[in-house]
Amino acid sequence: MTDLLLVGLGGVAGAVARHLTATAVERDQWDTLTVNVLGSFLLGALVAVPADESLLLAAGTGFCGAFTTFSSFAVDTVRLAETGRPRRAALNAAGTLAAALIAVALGGAVGVALGSVAP
């Protein structure tokens, strides 16, 4: 039960943070790209830092799971293709995946660095 509560609380915070971030960016697919890249960076850092399971459940599964939106990314990409913009759809797909992978690697590097200085 505690695990569900941690994931739920993290999910609520992540969903609110995604809404606020998307509202601040609010431009075509940039809002989706922004939350997916930021969430990937955060999850990469969380996984690399020596953290207890409760933190990973709340921040990783809950917060990052609700903050990122790869389903919206998929819908955006398909809509671009369906509206006659296949190049932009391909760029959105390749760009988002590349940026998310780079972000998770950078987050992991930051997490390792933070973990090495933690007491």
Side-chain angles (χ1 to χ4, degrees):
M1 185 64 172
T2 303
D3 291 352
L4 288 176
L5 186 61
L6 289 170
V7 171
L9 290 173
V12 168
V16 170
R18 181 174 82 198
H19 174 72
L20 294 173
T21 302
T23 301
V25 175
E26 207 172 308
R27 185 166 176 253
D28 285 339
Q29 287 77 38
W30 288 105
D31 55 343
T32 303
L33 175 67
T34 300
V35 295
N36 285 337
V37 170
L38 288 174
S40 295
F41 178 86
L42 180 60
L43 188 56
L46 281 169
V47 170
V49 169
D52 69 6
E53 189 175 332
S54 296
L55 177 63
L56 288 175
L57 282 173
T61 304
F63 184 87
C64 290
F67 184 70
T68 58
T69 177
F70 282 90
S71 57
S72 293
F73 151 71
V75 168
D76 290 345
T77 302
V78 168
R79 282 188 180 154
L80 287 169
E82 287 177 345
T83 56
R85 296 180 283 178
R87 265 196 224 160
R88 190 157 173 196
L91 182 62
N92 186 55
T96 298
L97 291 175
L101 289 172
I102 291 168
V104 80
L106 289 173
V110 169
V112 168
L114 290 174
S116 67
V117 296

If you take all heavy atoms of [X] and [Y], which pair is closest and at what distance?
X: Ala66; Y: Gly11; result: CB-O, 3.1 Å
X: Ala81; Y: Ala89; result: N-CB, 3.7 Å
X: Ala99; Y: Leu33; result: CB-CD1, 4.3 Å
X: Gly115; Y: Pro50; result: CA-CD, 3.7 Å
X: Leu46; Y: Leu56; result: O-CD2, 3.6 Å
X: Gly108; Y: Ala48; result: O-CB, 3.3 Å

Quick one: pull up [atom1] in [X] and [atom2] in [Y] and give me the separation to the nearest 0.5 Å.
X: His19; Y: Thr69; atom1: NE2; atom2: OG1; value: 13.5 Å
X: Leu80; Y: Arg88; atom1: CG; atom2: CZ; value: 5.5 Å
X: Arg18; Y: Ser72; atom1: CZ; atom2: OG; value: 5.5 Å
X: Thr61; Y: Leu4; atom1: OG1; atom2: CG; value: 11.0 Å
X: Asn92; Y: Thr32; atom1: CG; atom2: OG1; value: 8.0 Å
X: Thr2; Y: Glu53; atom1: OG1; atom2: CD; value: 11.0 Å

Next on the checklist: I'd like to check Glu82 versus Val78 (side-chain heavy atoms, cut-off strictly below 4.5 Å). Are they in contact?
Outcome noted: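 Yes, their side chains come closer than 4.5 Å.
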Checklist entry - Should Asp76 and Phe73 count as side-chain neighbours, where that means a heavy-atom distance under 4.5 Å? => result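 Side chain of Asp76 against side chain of Phe73, heavy atoms only: no contact under 4.5 Å found.
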Is [Y] reachable from [X] through a run of hydrophobic residues whose side-chain heavy atoms are each under 4.5 Å from the next?
X: Leu38; Y: Leu42; result: yes
X: Leu114; Y: Leu106; result: yes
X: Val110; Y: Val49; result: yes
X: Val25; Y: Val35; result: no

Checklist entry - Between Thr34 and Thr21, is a side-chain contact (heavy atoms from CB on, under 4.5 Å) present by the stated rule, with each step listed? => result CA-CA 8 Å; Thr34 300; Thr21 302; 3.9 Å; yes
Checklist entry - So Phe63 and Phe67, would you call those rings parallel, tilted or perpendicular, with 30° and 60° as cut-offs? => result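 Because their plane-to-plane angle is under 30°, the rings of Phe63 and Phe67 count as parallel.
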Checklist entry - If you measure only the distance, is there a donor-acceptor pair under 3.5 Å linking the side chains of Thr68 and Asn36? => result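 Looking only at side-chain atoms, Asn36 and Thr68 do not form any donor-acceptor pair under 3.5 Å.
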